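Beneath this line is the structure, given in structure tokens, with notes to follow.
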Amino acid sequence: MAFVFVVTTAAVSLAVYIIMSKTLPYFRTLQKKLDVISRITRENISGARVVRAFSRGEREEKRFLNAVEDYTETALNSAKISALLSPLTYIIVNLAIVVLIWLSGSRVESGSLSQGELIALVNYMLQMLTALLVVANLFVIFTKASASASRINEVFETQTSIEYGENDENNNWSFEKSMKTVNNTPAIEFENVFFKYTKSSDEHEKYALSDISFRLMPAMTMGIIGATGCGKSTLISLIPRFYDADSGKISIMGCDVRDFDLKTLRRVIGVVPQKASLVSGTIEENLRWGNPAASDDVIWKAVETAQAYDIIKSKPDGLKAPVVQGARNLSGGQKQRLTIARALVSEPEILILDDSASALDFATDAALRKSLKSFNPDMTQIIVSQRISSVRHADMILVLDNGRISGAGTHDQLLHSCEIYKEIYNSQTEEKEAKSGGDAV
Ligand SMILES: Nc1ncnc2c1ncn2[C@@H]1O[C@H](COP(=O)(O)OP(=O)(O)OP(=O)(O)O)[C@@H](O)[C@H]1O
Ligand SMILES: [Mg+2]
């Protein structure tokens, strides 16, 4: 009799194993297909206006429906297999009961087994059935969970390419101190820096930056100009170590950036990214990102320097004015000015503006540059721009072309020595002349 129980347990376990091994791959693809659905949904919600502007509504609907149908099909297939589990368990256990009764029949007749004992055995078998069903259902849940867990682990196991500086001495490193003690040390120095985004072994892979070398002394302003995609944003993202250079050396006040504590490094450097992004909350919460303990004086000074005073004055709630998700209640230029103010609140020693004046008119742009100088005369600045007018007053201008430096110097020097700079200058002055000519007519 015990043998019947052993065989039944083994048979049910085998059934569970076969069904699980068939459904597990389905659960994995199901999670991926769910990703696609949420991605399409997110794209369509955040880009609702673009979808409407290009009349893509119907096609996007179809794309969504396709994704949902794809998901449904896989879900149905896996459900069909999982659904076999309960009936299969029932069949095996009931067959076992039949065998049990059949085997005991003659024994009950001969009196070696009482009817009560037989009923007890059948009851044991039924109890086992309920327990096995619970276990089988648990397995379904575990299989789903393990598919999800392995995907979460993929994220957890991703190693950051940026390693923390090993040199602990630099954790208490002070910019002010080293500025005073080390004379003639450039605030930022690049030595033969090469960088590419994809780290494949393909030798022909194009470098986003090649052989970049320059020195920028403290309290100086450097402009970076060049065509779209020439590597301006890439160059400045190496300074706060958003990426590490493939070869060459980048130093800040004579210290290799790789030796810095990342927190110190990023406290010293204020970055205004090309794409202005603010988080939902109030304007003040956004401004305090760099320094939660900033005094009101500092905040107002930063706001005035960034030419954002009018924006805040025009809001009835002032600094407490709400910023909605994606800062949709602010214009492009307003967002840019607030991101500049946010960077200034942390009172950085080095300020990097990546095309941050692109949405500002010429007069505001000029006022911004002037007030940045008076905000902190010791602040080293890097201004990335497509406009000559934004960089022409810089102490040094780098002209980038296809990831290489094609010229460096002041505005006047470059006009004589750098062909590309001259071209940009001519195209922009012609534009201006054409505009003023048009106005006169
Ligand atoms: N995250 C990334 N992954 C892969 N390639 C990238 C990445 N970011 C930029 N690139 C590539 O590196 C090159 C330089 O891009 P970068 O953003 O530095 O240009 P840019 O000079 O700032 O242009 P723009 O004036 O339009 O802002 C481009 O060819 C771009 O395609
Ligand atoms: Mg850029």
Side-chain angles (χ1 to χ4, degrees), residues 39 43 50 155 158-162 188 190 192-214 216 221-248 250 257 266 269-278 332-333 335-340 342-343 350-360 362 365 368-369 381-392 394 396-408 414 418-428 431:
R39 198 183 60 227
E43 276 173 3
V50 187
V155 177
T158 309
Q159 293 285 337
T160 155
S161 59
I162 306 288
I188 301 172
F190 273 55
N192 308 100
V193 170
F194 285 80
F195 174 78
K196 60 179 158 191
Y197 278 101
T198 37
K199 310 288 179 210
S200 63
S201 52
D202 187 1
E203 287 292 312
H204 303 290
E205 184 81 53
K206 202 176 142 265
Y207 276 96
L209 292 176
S210 315
D211 202 14
I212 304 284
S213 300
F214 67 84
L216 178 64
T221 300
M222 180 170 85
I224 302 181
I225 197 165
T228 43
C230 67
K232 303 184 293 293
S233 301
T234 309
L235 191 157
I236 55 154
S237 61
L238 297 184
I239 303 172
R241 267 191 98 194
F242 295 145
Y243 302 101
D244 268 336
D246 291 324
S247 65
I250 301 166
V257 284
R266 288 175 186 167
I269 301 172
V271 185
V272 183
Q274 186 162 23
K275 189 169 174 285
S277 62
L278 297 166
K335 266 193 269 186
Q336 275 192 340
R337 277 179 268 178
L338 289 176
T339 47
I340 298 173
R342 180 179 62 190
I350 295 172
L351 180 70
I352 300 173
L353 301 172
D354 189 357
D355 219 3
S356 307
S358 61
L360 305 186
F362 283 94
D365 182 14
L368 168 71
R369 267 178 286 123
Q381 293 178 41
I382 297 185
I383 298 177
V384 174
S385 181
Q386 309 261 9
R387 295 205 297 234
I388 295 269
S389 63
S390 300
V391 295
R392 67 180 291 172
M396 173 169 81
I397 304 168
L398 281 191
V399 185
L400 281 190
D401 182 34
N402 252 326
R404 290 181 175 276
I405 295 184
S406 79
L414 285 170
C418 181
E419 225 17 75
I420 295 180
Y421 190 79
K422 211 159 34 177
E423 264 172 41
I424 301 175
Y425 178 75
N426 285 339
S427 70
Q428 293 188 3
E431 236 172 63

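Throughout, numbering of the chain's residues begins at 1 and tracks the sequence. Being a predicted model, the structure only gives us computed values, none of them experimental. In listed order, ligands and their atoms are each counted from 1.
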Which value, rounded to the nearest 0.5 Å, describes the distance between [X] atom [atom1] and [Y] atom [atom2]?
X	Y	atom1	atom2	value
S385	R392	OG	CZ	13.0 Å
D401	E423	CG	CD	9.5 Å
S390	D365	OG	CG	4.0 Å

- Specify whether the nearest protein heavy atom to atom 31 (O) of ligand 1 is under 4.0 angstrom away.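 Not a single protein heavy atom is under 4.0 Å away.
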- Scan the protein's non-hydrogen atoms and note whether one is under 4.0 Å from atom 9 (C) of ligand 1.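 Yes, there is one.
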- Message: Could you check whether any heavy atom of Q386 sits closer than 4.0 Å to an atom of ligand 1, since that is the contact criterion I want to use?
- Response: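 Right, Q386 reaches ligand 1.
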- What closest approach, in Å, do G223 and A394 show between heavy atoms, and which atom pair accounts for it?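 Smallest heavy-atom distance, with atoms named: N-CB, 3.6 Å.
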- Item | Closest approach of A343 to L351 (non-hydrogen atoms, all atoms of both residues) |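 Reported closest heavy-atom pair: CB-CD1, 4.0 Å.
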- Message: At less than 2.8 Å, would any N/O/S atom of T228, backbone or side chain, sit next to the Mg ion (ligand 2)?
- Response: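 Checking T228: none of its N, O or S atoms is under 2.8 Å.
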- Query: Closer than 2.8 Å to the Mg ion (ligand 2), do we get an N, O or S atom from T234, backbone or side chain?
  - Reply: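 Given the 2.8 Å cut-off, T234 does not count as a ligand of the Mg ion (ligand 2).
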- Query: Any chance the side chains of S358 and Q336 put a donor and an acceptor closer than 3.5 Å?
  - Reply: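 Yes - a donor-acceptor pair under 3.5 Å links their side chains.
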Considering heavy atoms of the protein only, find what lies nearest to [atom] and give residue, atom and distance to 0.1 Å.
atom	answer
atom 29 (O) of ligand 1	G229 O, 3.8 Å
atom 16 (P) of ligand 1	T234 OG1, 3.5 Å
atom 26 (O) of ligand 1	T228 CG2, 3.3 Å
atom 22 (O) of ligand 1	S233 OG, 2.6 Å
atom 5 (N) of ligand 1	Y197 CD1, 3.3 Å

- Message: Side chain or backbone, does A208 bring an N or O within less than 3.5 Å of an N or O on ligand 1?
- Response: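 So ligand 1 has no N or O lying under 3.5 Å from an N or O of A208.
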- Item | K232 side-chain N/O to G226 backbone N/O, donor-acceptor pair under 3.5 Å |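 Checked: pair present.
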- Start with the C-alpha gap between T234 and Y197, add the side-chain angles, then the distance that decides, and say whether side-chain hydrogen bond (donor to acceptor under 3.5 Å, both in side chains) holds. CA-CA 9 Å; T234 309; Y197 278 101; 3.0 Å; yes
- Return the option from K232, Q274, K275 holding the heavy atom at the smallest distance from atom 21 (O) of ligand 1.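 Checking each option, the heavy atom nearest atom 21 (O) of ligand 1 is found in K232.
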- Going through the checks in order, is the side-chain contact (heavy atoms from CB on, under 4.5 Å) test met by V384 and Q274? CA-CA 9 Å; V384 174; Q274 186 162 23; over 6 Å; no
- Task: Using a strict 4.0 Å cut-off to heavy atoms of C230, name the atoms of ligand 1 that fall inside it.
- Result: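 Close to C230: 19 (O), 21 (O).
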